[in-house]
Amino acid sequence: MNHSTSDSAKTIVITGGTDGMGRALARTHLDRGDTVVVVGRDAAKAAALPGAEFITADLSLVSENLRVLERINTRHPAVDALVLCARYFRSDRFVTAEGVEGTFALEYLSRFLLSHGLDDPRVIVNVSGPGLPMGRIHWDDLMLEHHYDGVAAQMQAGRANDLLGVAYAARRATTRTRYVLINPGPVATGFAGQYDAATAAHVAALKRSGRPVQDGIKPIAARIDTPPAAPLSAFVRFDPISLDHPSFDPEAAHRLHDLTHRLLHRLEN
């Protein structure tokens, strides 16, 4: 099987590619002549990306992720980069039709499914915010049924993605795929979500002070063009983060991986 190299046309799959950094990244690669597959819910927004292949899907649903994987693996057996950007903030707790808390479903479970389900991509770039000191896995309440908070839900998803990267790399260390966790820093991106008044004010301030999206995507584009040599790496923009950090604890990664498999088994049966 032939795969594209850094100086030839690539096949890029982007979730959350109709807004903010995802859309800017899609435009950049379309302009370069790459094949771009965008996965999202809003076909009208996708129409503003002429040339992209759009897959309409609600990625908060396991069944939809499995459908997306089947289509991509069938039509695009040589994916160069999977870029995981989809996120949606919720001040109020939301449960999907499959019974999963919405943030956990979209911002972690979907990324788990797409990461493990895509056939041999050259690099996976998970835009998640690795290594942040705040946030934790609520082991006894993954669905945050008690004392839900939107920020806590996103922080849990971020920590879960750190552990996803660790578990993925440990299980696929001999494959070609490189797993990259990236915190792009403050960027004036789309910030899709349902916000209470206080959080909306904070988001408005972030939009005013954040880097333009075209600048924000530069570290992501760099990792697509030149994937790191290591099976797993993490960055704040261009600066590498040491994996010797509690966010990347192998024991916790193994525990979450097993919990996730059990959850998926229940949802798929």
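Everything quoted here is computed from the prediction, not taken from an experiment.
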Taking a hydrophobic cluster as the set of Ile, Leu, Val, Met, Phe, Trp and Tyr residues connected by side-chain heavy atoms closer than 4.5 Å, whether directly or through intermediates, do [X] and [Y] fall within one such cluster?
X: L267; Y: V68; answer: yes
X: L259; Y: L263; answer: yes
X: L144; Y: W139; answer: no
X: I182; Y: F238; answer: no

Donor-acceptor pair, [X] side chain versus [Y] backbone, under 3.5 Å?
X: R159; Y: S247; result: no
X: D34; Y: K10; result: yes
X: N65; Y: L61; result: yes
X: E64; Y: A57; result: no
X: T15; Y: C85; result: yes

Show me the side-chain donor-acceptor pairs of residues 146-158 shorter than 3.5 Å, one per line, residues at least two apart or across chains.
from: Y148; atom 1: OH; to: R90; atom 2: O; distance (Å): 2.7
from: D149; atom 1: OD2; to: V151; atom 2: N; distance (Å): 3.1
from: D149; atom 1: OD2; to: A152; atom 2: N; distance (Å): 2.9
from: Q154; atom 1: OE1; to: R87; atom 2: NH2; distance (Å): 2.6
from: Q154; atom 1: NE2; to: E107; atom 2: OE1; distance (Å): 3.1
from: Q154; atom 1: NE2; to: E107; atom 2: OE2; distance (Å): 2.6
from: Q156; atom 1: OE1; to: H138; atom 2: N; distance (Å): 2.8
from: Q156; atom 1: NE2; to: L142; atom 2: O; distance (Å): 3.0

Nearest 0.5 Å please: distance from the [atom1] atom of [X] over to the [atom2] atom of [Y].
X: D162; Y: L132; atom1: CG; atom2: CG; answer: 7.5 Å
X: R172; Y: H116; atom1: CZ; atom2: NE2; answer: 6.0 Å
X: S60; Y: L109; atom1: OG; atom2: CG; answer: 10.0 Å
X: R111; Y: L82; atom1: CZ; atom2: CG; answer: 9.5 Å
X: D120; Y: D80; atom1: CG; atom2: CG; answer: 10.5 Å
X: R41; Y: I55; atom1: CZ; atom2: CD1; answer: 15.5 Å

For [X], all residues meeting side-chain hydrogen bond (donor to acceptor under 3.5 Å, both in side chains), sequence neighbours excluded:
X: Y179; answer: S115, N126
X: R23; answer: none
X: S128; answer: none

| Listed partners of D19 passing side-chain contact (heavy atoms from CB on, under 4.5 Å), at least two apart | K45

| What residues form a side-chain contact (heavy atoms from CB on, under 4.5 Å) with N73, not counting sequence neighbours? | L69, L118, D119

Distance-only criterion, 3.5 Å: show the donor-acceptor pairs between side-chain atoms of residues 204-214 and protein atoms not counting sequence neighbours.
from: S209; atom 1: OG; to: A205; atom 2: O; distance (Å): 3.1
from: Q214; atom 1: NE2; to: T28; atom 2: OG1; distance (Å): 3.1

Give a yes or no on whether [X] atom [atom1] has more than 12 heavy-atom contacts from other residues, nucleotides or ligands under 6.0 Å away.
X: E268; atom1: CD; answer: yes
X: E70; atom1: CD; answer: no
X: D244; atom1: CG; answer: no
X: H245; atom1: NE2; answer: yes
X: R237; atom1: CZ; answer: yes

| task | Would you please say whether a donor-acceptor pair under 3.5 Å links the side chains of E53 and T35? | result | no

| query | In terms of side-chain heavy atoms, does H261 have a donor or acceptor partner in H257 at a distance below 3.5 Å? | reply | yes

Looking only at heavy atoms, which two atoms of [X] and [Y] are closest? And how far apart?
X: G17; Y: L49; result: O-CD1, 3.3 Å
X: G216; Y: P219; result: O-CD, 3.4 Å
X: N183; Y: P130; result: N-CD, 3.2 Å
X: A86; Y: L106; result: CB-CD1, 4.2 Å
X: F112; Y: L264; result: CE2-CD1, 3.7 Å
X: T96; Y: A105; result: CG2-CB, 4.0 Å

[X]: salt bridge (Lys or Arg N to Asp or Glu O under 4.0 Å) partners, not counting sequence neighbours:
X: R93; value: none
X: R171; value: none
X: R255; value: none

| request: Apply the test side-chain contact (heavy atoms from CB on, under 4.5 Å) to residues R178 and S233: give CA-CA distance (whole Å), side-chain angles for both, the deciding distance (0.1 Å), then the verdict. | output: CA-CA 8 Å; R178 297 298 178 249; S233 54; over 6 Å; no

| message | Does T260 form a side-chain contact (heavy atoms from CB on, under 4.5 Å) with L256? I'd like the steps, not just the answer. | response | CA-CA 6 Å; T260 304; L256 182 62; 4.0 Å; yes

| request: Report the residue from V83, L181, V180 that forms a side chain to side chain contact (heavy atoms under 4.5 Å, CB included) with R223. | output: V180

| task | Could you walk me through whether I224 and H29 pass the side-chain contact (heavy atoms from CB on, under 4.5 Å) test, one step at a time? | result | CA-CA 10 Å; I224 293 172; H29 282 278; 3.9 Å; yes

Residues 185-194, side-chain donor-acceptor partners within the protein, below 3.5 Å, at least two apart:
from: T189; atom 1: OG1; to: M21; atom 2: N; distance (Å): 3.0
from: Q194; atom 1: OE1; to: S91; atom 2: N; distance (Å): 3.3
from: Q194; atom 1: OE1; to: D92; atom 2: N; distance (Å): 3.1
from: Q194; atom 1: NE2; to: D92; atom 2: OD2; distance (Å): 3.0

| query | So which pairs with a foot in residues 67-106 pass ring pair (Phe, Tyr, Trp, His ring centres under 6.0 Å), sequence neighbours left out? | reply | F89-Y195, F104-Y108

| Derivation and outcome, side-chain contact (heavy atoms from CB on, under 4.5 Å), residues I124 and L114 | CA-CA 10 Å; I124 298 173; L114 296 175; over 6 Å; no

